[in-house]
Structures are given as structure tokens and as C-alpha cells.
Amino acid sequence: QVQLVESGGGLVQPGGSLRLACAAPGWIFSISAMGWYRQAPGKQRELVGRIASGGRTNYADSMKGRFTISRDNAKSTVYLQMNNLNSEDTAVYYCHIEDSSFWGQGTQVTVSA
């Protein structure tokens, strides 16, 4: 089975930063595009951004300029660097192997003073 393990969530003050990580089995990670999604209370899950196997990235408009996705194929890990966080970023964040049914367990990000 394919298991994605997320880490890095927590409580941060407005304007702060967090970096999330998601590790996956190397045999599938190396050939897969990876996505980050988030779901706030009472809202639908939305795309944050994605990174192709070769490193090209795309972001939702609301995340451009503040969030950066990167990947380290040697570690089979994808990262989400989040800067200048605000309360609207409070959500559970999930990583995903694109075009598959494999999701991370989710990690809570709470932005609050």
C-alpha cells in the first residue's frame, strides 16, 4: 500500500511561516506529480498548488507569492513553504499523489494571535 506521511503543522501567529513536509514511497514519488490541498472548517477542499515530477509548479491564485512547493527526490519528500500567513490560511493541509487516490493524513495549520 502507498502511505503518505505529513509533518510540520502547528500554531503560528499572523505573519509567521511554516514548512510542511510529505514523504511517500520512492518508487511512486519519483514518477508522480504531487499536490497540496487544504480544507478549512465548513469549506470545500481546495487546491493550494502542485509540482510535476520534473519540478514545474503551479499555484492557486490566492497562494501565489506566499507559498512555495518544492521536492527532494532523493528523500522522496515534497514540501510546502508558507510565508506571511494569515487567519484565512487556517485549515487542514493534505498532500496528494496527483491522478491517484492516495492522500496524506492531513496536518492542522492554525494561524492565530
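As a basis for the values below, the full set of heavy atoms in this structure was taken, side chains included, without hydrogen atoms, waters or symmetry mates. Along the sequence shown, residues are numbered consecutively beginning with 1.
A heavy-atom distance below 4.5 Å is not found between the side chains of I31 and S53.
Residues satisfying the salt bridge (Lys or Arg N to Asp or Glu O under 4.0 Å) criterion with K64, sequence neighbours excluded, are D61. The side chain to side chain contact (heavy atoms under 4.5 Å, CB included) test applied to A21 returns S7, T77, Y79, not counting sequence neighbours. Annotation: side chain to side chain donor-acceptor pair (under 3.5 Å) contacts of N58 (sequence neighbours excluded): none. For S100, the side chain to side chain contact (heavy atoms under 4.5 Å, CB included) partners at least two apart in sequence or on another chain are H96, I97, F102. Taking the salt bridge (Lys or Arg N to Asp or Glu O under 4.0 Å) definition, one finds that R50 meets it with E98, sequence neighbours left out.
When all heavy atoms of S70 and V78 are compared, the pair lying nearest together is O-CG2, 3.3 Å.
Here salt bridge (charged side-chain N to carboxylate O under 4.0 Å, His left out) pairs that include residues 4-17, with residues two or more places apart or in two chains, number zero. Residue pairs meeting the ring-ring contact (aromatic ring centres under 6.0 Å, His included) criterion with at least one partner in residues 7-36, sequence neighbours excluded, do not occur; the list is empty. Applying the disulfide (SG to SG under 2.5 Å) test to every pair with at least one member in residues 10-103, sequence neighbours left out, gives these pairs: C22-C95. Pairs of residues two or more places apart, or lying in two chains, that qualify as side-chain hydrogen bond (donor to acceptor under 3.5 Å, both in side chains) and include a residue from residues 9-22 are S17-N83. Sorted by first and then second residue, the pairs that involve residues 79-95 and meet salt bridge (charged side-chain N to carboxylate O under 4.0 Å, His left out), not counting sequence neighbours, are R38-D89, R66-D89.
More than 12 heavy-atom neighbours from other residues, nucleotides or ligands sit within 6.0 angstrom of CD on E46.
Distance check: M82 CE to L18 CG gives 4.5 Å after rounding to the nearest 0.5 Å.
The hydrophobic cluster around W103 extends to Y37, L47, V92, Y94, counting ILVMFWY residues whose side-chain heavy atoms fall within less than 4.5 Å of a member. V5 belongs to no hydrophobic cluster, as no Ile, Leu, Val, Met, Phe, Trp or Tyr side chain comes under 4.5 Å of its own.
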Review point. Does the side-chain contact (heavy atoms from CB on, under 4.5 Å) test come out yes or no for V109 and T90, once each step is laid out?
Key: CA-CA 5 Å; V109 172; T90 295; 6.0 Å; no

